[in-house]
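In what follows, a single structure is set out as structure tokens and then discussed.
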Amino acid sequence: MNIEEKIQLIEEGTLEVIDTEELKEVLEKEQPIAYTGYEPSGKIHLGHAVTVQKLKQLQKLGFKIKILLADYHAFLNGKGTIEEIAETAEYNKKCFQALGLDETTEFVLGSSFQLEPDYTDKVYQLATMTTLKRARRSMDQVSRADDNPKVASVIYPIMQTVDMAALEVDVALGGMEQRKIQMLARENLEKIGENVPVCIHTPLLHGLDGDAKMSSSKGNYIAVDDSVEVISKKIKKSFCPQGEVEGNPMIEIAETFVFPNQDTLLIKRPEKFGGDIELTHDELIKDFSEGNLHPMDLKNGIKDFLIEFFAPVREFMEEN
RNA sequence: CCCGCCUUAGCUCAAUUUGGCAGAGCGUUGGACUGUAGAUCCAAAUGUUGCUGGUUCAAGUCCGGCAGGCGGGACCA
């Protein structure tokens, strides 16, 4: 596979790669490093899985993958005591492994290096050159709602910036909510003479309730290790307007998880509604938007797919 | 360090004036209607009223102390 083909593959399913020229250079390295940082979270859900899926792809393309279990970031974001978060991080690590990242994947706990003098020195340097407004603005989509925002919320993006230097990453992958932090990081890393990574952003999934973002705090997610019963229940309750493709979480799941992994989606239907059908991406979009595919049938297809798709995760979680 | 104000359901807030069964909206849950969900109707659940001591037959409400938050003042050789 040549570099052009690799780039095309990498850009698939992403909103932006900043920027493509730089990615070309990165791909010429022997083993470039790609990373994503995750705040340890009670549940690893489909939203997380979007980036994990992209990491798996990068891994296959020869990237060294580092996953930052960002315990201090979660702490700064008010997610609990550092001990509680460490426990959640252990569980999350299992989830990520269960999702199929191979054994070369490096899991790094934030606190294992974020207290080093050299790290701290860089944080202070950046603190002197980052305005409060810019730092806070970068946290728009990331920080937990707080009537009394803490100083922690402006340290957060600065640390995220230094993480990229400390982990020596060539590619920083994240959801679109990370964009402002990532852009700030690119500017700031340049200022302190560090390598500026390529930033890749994936789309955010709508919540199952049709809300703009799937998130564990809103409970509008499907976790990668949800039981068959829970998946079924959540899909049943999901928002799914007839004939509407835009912002429809079921369509999004199909486009994000089904079709990148298989050519068709099998939908089981009672005979009186037309019997079973197997649809390609284009057929599904066409049928659904024209009203020839009922939302309940789409839901059942998605449900069956997710149950099977995440079966290995449930098995892994039980064995480990 | 001083002064003032705020803290009530998951969220936003009412009830404080004059002490008298702690409420609404949103959200949640359940039902009706739809071959899904949503919308719309109908119904239900939910409280250590920040903590603590006191006054009173009775305290969310009055008094004292504490904690957290917000605002102001003072200090600035």
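Note that these values count all heavy atoms, side chains included, but never hydrogens, waters or copies made by symmetry. All chains are named by letter (A, B, ...) in the order of the sequence lines, taking the proteins before the strands, and each is independently numbered beginning at 1.
Contacts of Lys272(A) with the nucleic acid, taken as non-hydrogen atoms under 4.0 Å apart, are absent. Within the nucleic acid shown, Asp297(A) comes within 4.0 Å of at least one base atom, counting heavy atoms only.
G71(B) and U29(B) have their C1' atoms separated by 41 Å, with the value rounded to a whole Å. Nucleotides C2(B) and C26(B) are separated by 45 Å at their P atoms, to the nearest Å. Here the separation of G72(B) from C63(B), taken at their C1' atoms, is 26 Å to the nearest Å. Comparing the same atom, P, in G69(B) and in G60(B) gives a spacing of 26 Å after rounding to whole Å. Rounded to a whole angstrom, the distance from the C1' atom of U61(B) to that of U17(B) is 10 Å. Rounded to a whole angstrom, the distance from the P atom of U52(B) to that of C13(B) is 25 Å. G38(B) and G4(B) are spaced 48 Å apart, taking the C1' atom of each and rounding to whole Å. Using atom P as the reference point in both G27(B) and A39(B), the two lie 7 Å apart (nearest Å).
For the pair Lys299(A) NZ and G35(B) C1', the computed distance is 11 Å after rounding to whole Å. The distance between atom CG of Asp209(A) and atom P of G38(B), rounded to the nearest whole Å, is 10 Å. Rounding to whole angstrom units, CE of residue Met250(A) and P of G38(B) are separated by 12 Å. Taking atom CG of residue Asn248(A) and atom P of nucleotide U36(B), one finds them 15 Å apart after rounding to whole Å. Atoms CZ (Phe273(A)) and P (G35(B)) sit 9 Å apart, rounded to a whole Å. In this structure, NZ of Lys236(A) is placed 12 Å from C1' of G35(B), rounded to the nearest angstrom. For the pair Asn300(A) CG and G35(B) P, the computed distance is 16 Å after rounding to whole Å. The nearest whole Å value for the distance from the CD1 atom in Ile267(A) to the C1' atom in U36(B) is 13 Å.
Using cut-offs of 30° and 60° for the angle between ring planes, the Phe96(A) and Phe107(A) rings count as parallel. Ring orientation note: the planes of Phe309(A) and Phe305(A) are close to parallel, at an angle under 30° on the 30°/60° scale.
Comparing G38(B), G35(B), U36(B) by their nearest atom to the side chain of Phe239(A) picks out G38(B).
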Criterion salt bridge (Lys or Arg N to Asp or Glu O under 4.0 Å) on Glu21(A) and Lys24(A), from CA distance to verdict:
CA-CA 5 Å; Glu21(A) 283 309 307; Lys24(A) 205 174 285 181; 3.5 Å; yes
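For Gln57(A) and Lys54(A), the side-chain atoms include at least one donor-acceptor pair closer than 3.5 Å. Residues Ser41(A) and Ser216(A) have side chains that bring a donor and an acceptor to within less than 3.5 angstrom of each other. Using modelled atom types and a 3.5 Å distance limit, the side chains of Gln53(A) and Asn261(A) yield a donor-acceptor pair.
Looking at Asp225(A) and Lys43(A), a side-chain N of the basic residue comes within less than 4.0 Å of a carboxylate O on the acidic one, giving a salt bridge.
Toward the 5' end of RNA chain B, the nearer of the two residues Lys233(A) and Cys240(A), judged by each one's closest nucleotide, is Lys233(A).
Contact of the Leu184(A) side chain with the Arg134(A) side chain is registered, since non-hydrogen atoms from C-beta on lie closer than 4.5 Å. A 4.5 Å side-chain heavy-atom check between His48(A) and Tyr38(A) finds at least one atom pair inside the cut-off. Cys199(A) is listed as a side-chain neighbour of Met183(A), based on a closest heavy-atom distance under 4.5 Å. Using a 4.5 Å heavy-atom threshold, the side chains of Phe239(A) and Asn220(A) count as separate.
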Interface polar pairs with nucleotides 27-29 of chain B, N/O, under 3.5 angstrom:
residue: U29(B); atom: OP1; partner: Lys237(A); partner atom: NZ; Å: 2.5

For nucleotides 67-69 of chain B, give me every protein contact, N/O to N/O, under 3.5 Å, one pair per line with atom names.
residue: G69(B); atom: O2'; partner: Asn148(A); partner atom: ND2; Å: 3.4

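Paired regions of RNA chain B, where each region holds three or more successive Watson-Crick or G-U pairs whose two hydrogen-bonding distances fall under 3.5 Å, are B:1-7 with B:67-73, B:10-13 with B:23-26, B:28-32 with B:40-44, B:50-54 with B:62-66.
The number of heavy atoms from other shown groups lying within 6.0 Å of CD (Glu308(A)) does not exceed 12.
The cationic atom of Lys234(A) (NZ for Lys, CZ for Arg) lies less than 6.0 Å from the six-membered ring centre of Tyr221(A) and within 45° of the ring axis.
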